[in-house]
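Data block below; observations after.
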Amino acid sequence: MKKLCWELRVLDGLLSFFSFIGSRTISAVWRLGFAARFFGMLILLSGSSFRRINLTLREIYFSGVMSLIIILVSGLFVGMVLGLQGYDTLARYGSEEALGVLVALSLVRELGPVVAGLLFASRAGSAITAEIGLMKATEQLDAMDMMAVNPIARVVAPRFWGGVISMPLLAALFSAMGVLGGYLVGVVMIGTDSGSFWGQMQASVDFQRDILNGVIKSMVFGIAVSWVAVFEGYDSDATAEGVSRATTRTVVTSSLAILGLDFILTSLMFRG
């Protein structure tokens with residue numbers, strides 16, 4: 001009898017576990033489908049963002065220009081760290097002159113788009129989600145519907161395209177500041193030959209294979225982060241706690257999306 005009761009409890013626990021997994025899976029698939037339909041509607045209603053270009057320019061300023069400080073300072077320090085670590089590693093093999101190549105390729109191919117994307121998601125993505133979420137919580141989006149103004153076209157689309165346009169520019173500036181940081185450490189502080197630093201960099205960095213692929217990465221990251229940010233804000237619960245959870249989901253989901261997409265894009269672009 002005791003054995004039968006124990007088996008029933010185990011069976012009940014397994015059924016509860018699988019029921020929980022199934023419900024969460026169904027909920028995740030449903031939400032993913034809603035996000036895809038939301039993205040399609042966003043693209044279809046994006047015409048007003050370019051007809052009223054002042055809306056998009058304002059969001060480019062908010063997402064891009066207001067993120068410049070953290071992007072430039074972070075890029076400078078990342079480049080300085082690369083200069084220190086790269087010189088220490090290359091000096092063991094007598095290849096200090098290749099420091100410029102190491103710094104440039106590391107930034108242009110990987111660190112520039114990825115780190116800039118993570119910083120963009122943390123600063124601009126979270127702000128976009130919080131802004132749209134607060135507009136939903138204060139019923140501003142409902143008021144637009146009442147006035148026959150589509151909130152996706154008026155509020156969401158300009159913020160989406162502002163992020164998409166800003167992200168590649170921020171990644172390029174991050175990489176440029178990183179190269180400057182590597183130069184300051186490798187040439188000015190340590191004393192590597194300046195001609196070798198710039199000459200080998202220019203000879204080794206290919207525009208199509210390295211720079212263009214880095215730009216493509218940053219554009220894909222910009223689309224992913226902006227999509228997640230506007231969707232989480234639009235889909236958030238109309239409460240202070242709901243907006244807070246949506247902002248947290250934006251940062252976490254965007255960061256994971258950037259890292260996952262980086263692996264996929266790198267495997268496609270740099271297979272040798």
Verify whether one side chain among T138 and Q140 offers a donor that lies under 3.5 Å from an acceptor in the other.
yes
Tell me whether T129 contacts the main-chain N or O of A246 through its side chain, where contact means a donor paired with an acceptor under 3.5 Å.
no
Can you name the closest pair of heavy atoms from I71 and L170 and give their distance?
CG2-O, 3.4 Å
Min side-chain heavy-atom separation R154-L55 under 4.5 Å
yes
Are any side-chain N or O atoms of T266 and backbone N or O atoms of F263, one a donor and one an acceptor, separated by less than 3.5 Å?
no
Side chain K217, main chain R109, donor-acceptor under 3.5 Å:
yes
Going by the rule side chain to side chain contact (heavy atoms under 4.5 Å, CB included), which residues pair with S122 if we only count those two or more places apart in sequence or in a different chain?
V251
Would a distance-only check, ignoring hydrogens and angles, find a side-chain to backbone donor-acceptor pair under 3.5 Å from D237 to T239?
no
For D145 and P151, the nearest pair of non-hydrogen atoms, with its separation, is OD1-CD, 3.3 Å
Measuring from atom CD1 of I26 to atom CD1 of I21, what distance do you get when rounded to the nearest 0.5 angstrom?
11.5 Å
Crowded around F34 CZ? As in, over 12 foreign heavy atoms under 6.0 Å?
yes
Of all heavy-atom pairs between L173 and L68, which one has the smallest distance, and what is that distance?
CD1-CD2, 3.4 Å
If you define the side chain from C-beta out and look only at heavy atoms, does anything of R123 sit under 4.5 Å from M66?
yes
When hydrophobic residues are tied together by side-chain contacts of less than 4.5 Å, even through go-betweens, does I128 share a cluster with V155?
yes
Using a 3.5 Å distance criterion without hydrogens, assess whether the side chain of T89 forms a donor-acceptor pair with backbone atoms of G86.
no
Within a strict 4.5 Å, meaning less than it, do heavy atoms of the V114 and F221 side chains meet?
yes
Connected via hydrophobic side-chain network under 4.5 Å: I69 and V115:
yes
Would R159 and F231 count as a cation-pi pair here, with the cationic atom under 6.0 angstrom from the ring centre and within 45° of the axis?
no
Hey, what do you get for CZ (F62) to CD (E59), rounding to the nearest 0.5 Å?
7.0 Å
Are there more than 12 heavy atoms of other residues, nucleotides or ligands under 6.0 Å from atom CE of M144?
yes
With a 4.5 Å heavy-atom cut-off, do I264 and L268 have their side chains touching?
yes
How far apart are the closest heavy atoms of G214 and P113, and which atoms are they?
O-CG, 3.6 Å
Check: F160 and I152 side chains under 4.5 Å, non-hydrogen atoms:
no
Do S46 side-chain atoms and L42 backbone N/O form a donor-acceptor pair below 3.5 Å?
yes
Taking the side chain as C-beta and beyond, is there a heavy-atom pair between F38 and D235 under 4.5 Å?
no
Distance, nearest 0.5 Å, that separates CG of L102 from OG of S204:
11.0 Å
With a 4.5 Å heavy-atom cut-off, do D262 and E110 have their side chains touching?
yes
Pairwise distance CG(D210) to OG(S175) - rounded to 0.5 angstrom
11.0 Å
Start with the C-alpha distance between V78 and F174, add both sets of side-chain angles, then the distance that settles side-chain contact (heavy atoms from CB on, under 4.5 Å), and finish with yes or no.
CA-CA 9 Å; V78 167; F174 184 96; 3.9 Å; yes
Could you walk me through whether I190 and L99 pass side-chain contact (heavy atoms from CB on, under 4.5 Å), step by step?
CA-CA 11 Å; I190 298 177; L99 180 62; 5.7 Å; no
Is a salt bridge present between R245 and E232, judged by a nitrogen-to-oxygen distance below 4.0 Å?
no
For L84, is there any backbone N or O sitting under 3.5 Å from a side-chain donor or acceptor partner on D88?
no
For the atom pair CG (L32) and CZ (R37), what is the distance rounded to the nearest 0.5 Å?
11.0 Å
Treat each ILVMFWY residue as a node, draw an edge where side-chain heavy atoms are under 4.5 Å apart, and state whether M177 and V81 are in one component.
no
Locate the shortest heavy-atom distance separating I258 from L118; write the atom from each residue and the value.
CD1-N, 3.7 Å
Work out which heavy atom in V205 is nearest to a heavy atom in L105; give both atom names and the distance.
CG2-CD2, 3.9 Å
Evaluate the criterion side-chain contact (heavy atoms from CB on, under 4.5 Å) for residue pair V185 and Y87; output intermediate values, then yes/no.
CA-CA 9 Å; V185 170; Y87 181 85; over 6 Å; no
Within the structure provided, determine whether V225 and T250 are in side-chain contact (heavy-atom separation under 4.5 Å).
no
Side-chain donor/acceptor of T56 to backbone N/O of R52, under 3.5 Å:
no
Less than 3.5 Å apart, any donor N or O on the side chain of S166 or S63 sitting next to an acceptor on the other?
no
Sub-3.5 Å donor-acceptor pair from the side chain of K136 to the main-chain atoms of A238, do we have one?
no
Show the numbers, then the answer: is there a side-chain contact (heavy atoms from CB on, under 4.5 Å) between L184 and L76?
CA-CA 9 Å; L184 292 176; L76 181 65; 4.2 Å; yes
Joint hydrophobic cluster, Y183 plus M80, side-chain heavy atoms closer than 4.5 Å
yes
Are F39 and L44 linked, directly or through other ILVMFWY residues, by side chains that come within less than 4.5 angstrom of each other?
no
Roughly how far, to the nearest 0.5 Å, is CZ of R58 from CD1 of I53?
12.5 Å
Tell me who clusters with L256, hydrophobic residues only, linked when side chains sit under 4.5 Å apart either directly or through other members.
V252
